[in-house]
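Only one structure is covered here, and it is reproduced in the block below.
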2 protein chains.
Amino acid sequence: MPDDSWEPPPVLLAVDLVILTLRSMTLHVLLVERGIDPYAGTQALPGGFLSNASEGIETAAHRELREEANLDASRLHLEQLGAYGAPDRDPRGRVVSVAYLAIAPALPVPVAGTDAAAASWQPVHEVSLGRLKLAFDHEQILTDALERARTKLERTSLATAFCSETFTIAELQQVYEAVWGVRLDPRNFYRKIQRVPGFIVPAGPNQRTTKGRPARLFRAGTRTTLHPPLVRPGPSTTNEVHT
Amino acid sequence: MPDDSWEPPPVLLAVDLVILTLRSMTLHVLLVERGIDPYAGTQALPGGFLSNASEGIETAAHRELREEANLDASRLHLEQLGAYGAPDRDPRGRVVSVAYLAIAPALPVPVAGTDAAAASWQPVHEVSLGRLKLAFDHEQILTDALERARTKLERTSLATAFCSETFTIAELQQVYEAVWGVRLDPRNFYRKIQRVPGFIVPAGPNQRTTKGRPARLFRAGTRTTLHPPLVRPGPSTTNEVHT
DNA sequence: GCAAAAGTGTTTAGGATACACCCATGA
DNA sequence: TCATGGGTGTATCCTAAACACTTTTGC
């Protein structure tokens, strides 16, 4: 037991961002190439240290979002993932990083006006398949972020955060398919989504044209939680062969 | 933008524990009465600062679990909830606390051999109903912990962590009822649980006797994730009155 | 007209729910 | 034997899934 003069050890607090978006039907994450050691030249999640002792953690996340990804804090989903603070995760000293998950709609330019010019969108499967190595424990953070996104799609209206202001039901379906990694029946999805009151609401009588019949446009409704959840297909535990 | 001589501000890292258990059909949380300022005399979650710069965060959680609650780290569910670090949450300085959720089986003695003798199990509704105020932002942490527990009961076998080594299906049902705050049909619950392969496995031909017909005993199986989830009853969004 | 995508109808199987009923034990 | 909780059977409702089919556009 420590004596009265004992003082707790200080740590350095960092923020890391997992910024996900949908580009050409597949899930992408924003990565930056590190310019300094440790891990110079390696791809890493955008992030940085607390700027001063009175800065809030989420405030720091918003700041990094602006500085490193040129993304506006508003009109963007941001939630905390957790703290990552293994004693040996950073050779510079005791660093604890609070990771955040951000969801952005598909953007025209990869990253416009980025602080670190080395920023780029990378398909998440490049990382999960081991073809792209990340600095620190960022692969673990990304894995946790994906799992968080997958389950949140089931219980909340998070999927609309991947879409722009207005969107079609088919676009919303692409979000579910990309994040869950499954194929869904467009006809059943169409009705399933519309049967949830307040999930999506019609956005004017406007249509949109690409090929085939134009689709109706919707915008995100006010509902944030989905009860009952939209359960994703998966290894069913109950359906056993029983013959 | 900071110059080259800029150094990130240090923070003090603490760990807080939300230890939940089931006592006489209702959910309880372990609280300690603070002996020192700030918030001296107020109930608070057990926790403390990192003991030294090389201690892992989860290691610190385990240590506090032992020191403050006399609970063995093994045979106990422990997971991180997240970081709580509002700049003004602790008047002593910049403190960031990493909160953990622990689930313990019902214990014979409230808390045996506790470091802080002021530790006690309190019904969670005493806090959520506002009849018991907590120090710092611990009410928020407790709220988040409860929500985490509720959703994890749906998708994982976490419920068994509330039970002792062997348990009956009725005991498992009490866990779901207490955490979700609902009543479930015992007959349907009985089959629903048993239809999930690997969730619970029979524990010998032993029975147990109280009143009425003895129940079969089970122990936790190897399965940790439930697919599809055990969806809790709630405000159904789809079932609208349509007459 | 034809291709392509949007949107609708309908059938079927499996799970959720409600509840009648039987079983095993203590007192 | 009765009360009490454990465990089984079963009918009904509802949803998910599969898929045939119609609609609306561009070319």
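Remember, it's a predicted structure, so these values are computed and weren't measured experimentally. We use all heavy atoms of the structure for the numbers below, so side chains are in, but hydrogens, waters and symmetry mates are not.
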Practice prompt. Among C/dG15, C/dA6, D/dT8, find the nucleotide with the atom closest to the side chain of B/Tyr190.
Written response: D/dT8
Fill in: side chain to side chain donor-acceptor pair (under 3.5 Å) against B/Tyr100, all qualifying residues, sequence neighbours excluded
none
Worksheet entry | Option from B/Gln43, B/His28, B/Arg131 for which side-chain hydrogen bond (donor to acceptor under 3.5 Å, both in side chains) with B/Glu126 holds | B/Arg131
Atom pair distance, as rounded to whole Å: [atom1] in [X] and [atom2] in [N]:
X: A/Phe167; N: C/dA6; atom1: CZ; atom2: P; value: 14 Å
X: B/Leu184; N: D/dG5; atom1: CG; atom2: C1'; value: 17 Å
X: B/Glu171; N: D/dG5; atom1: CD; atom2: P; value: 14 Å
X: B/Gln174; N: D/dG5; atom1: CD; atom2: P; value: 11 Å
X: B/Ile193; N: C/dG15; atom1: CD1; atom2: P; value: 15 Å
X: A/Gln194; N: C/dG9; atom1: CD; atom2: P; value: 12 Å
X: A/Phe218; N: C/dA6; atom1: CZ; atom2: C1'; value: 11 Å

Worksheet entry | Under 4.0 Å protein heavy-atom contact, by nucleotide of nucleotides 17-27 of chain D - B base, S sugar-phosphate only | BBBB--BBBS-
Does any N or O in the side chain of [X] come within less than 3.5 Å of the main-chain N or O of [Y], such that one atom is a donor and the other an acceptor?
X: B/Gln173; Y: B/Leu184; value: yes
X: B/His138; Y: B/Ala44; value: no
X: A/Glu79; Y: A/Leu101; value: no
X: A/Gln80; Y: B/Ala83; value: yes
X: B/Asp137; Y: B/Gln140; value: no

Item to complete: Give a yes/no on whether any side-chain N or O of B/Arg216 is located under 4.0 angstrom from OP1 or OP2 of D/dT8.
Response: yes
Worksheet item: Do the side-chain N or O atoms of A/Arg195 get closer than 4.0 angstrom to the phosphate oxygens (OP1, OP2) of D/dA16?
Response: yes
Worksheet item: Quick one: on DNA chain C, does B/Pro229 or A/Thr168 contact a more 5' nucleotide (nearest heavy atom)?
Response: A/Thr168
